[in-house]
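Working notes, structure below.
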Amino acid sequence: LKNAKAQEQLEKYAMQRKVKNTEAQAESVRRSKKVLSGLDSLIASFAQHVDEIAYYDVSFDATVTNRNQVLHCDDLYAVVTPDLRVLCVVKDRRNLHKGMGTVIPGYDALLGSDKDEE
């Protein structure tokens, strides 16, 4: 549906002879098609792993010691993969899944440097 609207906008710009807007819109449509195709490939590659666990949410308390002091941390939260890689540790549970970016392998590579624009 989004691509159909983008295509309509592209045709509108072309009819109005707005060359710069037409080129920008056309590039946006090409990029969207590329990303959607890549996401379809990711979905197909993960189909066999759909019932596997991607990560665990863990809550814990910790005591950190260094040379000069001891620090007690209560109510920490972490995201841990089944192979025990820690993806994220936060104090506020609401922020647990923000900015992880590594949950879907290949997603960052697919979006490239433009992912911040979305």
* Asked: Do C88 and V90 pass the side-chain contact (heavy atoms from CB on, under 4.5 Å) test, and can you show the C-alpha distance, the side-chain angles, and the key distance before you say yes or no?
  -> CA-CA 7 Å; C88 176; V90 295; 3.6 Å; yes
* Could you go step by step and tell me if V89 and F60 meet the side-chain contact (heavy atoms from CB on, under 4.5 Å) rule? -> CA-CA 10 Å; V89 176; F60 62 97; 4.2 Å; yes
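To the nearest 0.5 Å, the span separating CG on L87 from OH on Y56 amounts to 13.0 Å. In this structure, CG in L39 is found 12.0 Å from NZ in K34, a value given to the nearest 0.5 Å.
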Please list every donor-acceptor pair under 3.5 Å in which a side-chain atom of residues 64-80 meets a protein atom from a residue at least two apart or in another chain.
from	atom 1	to	atom 2	distance (Å)
N66	OD1	N68	N	3.0
N66	OD1	Q69	N	2.9
H72	ND1	T63	OG1	3.3

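Among residues two or more places apart in sequence or in another chain, the side-chain hydrogen bond (donor to acceptor under 3.5 Å, both in side chains) test is passed with S41 by none.
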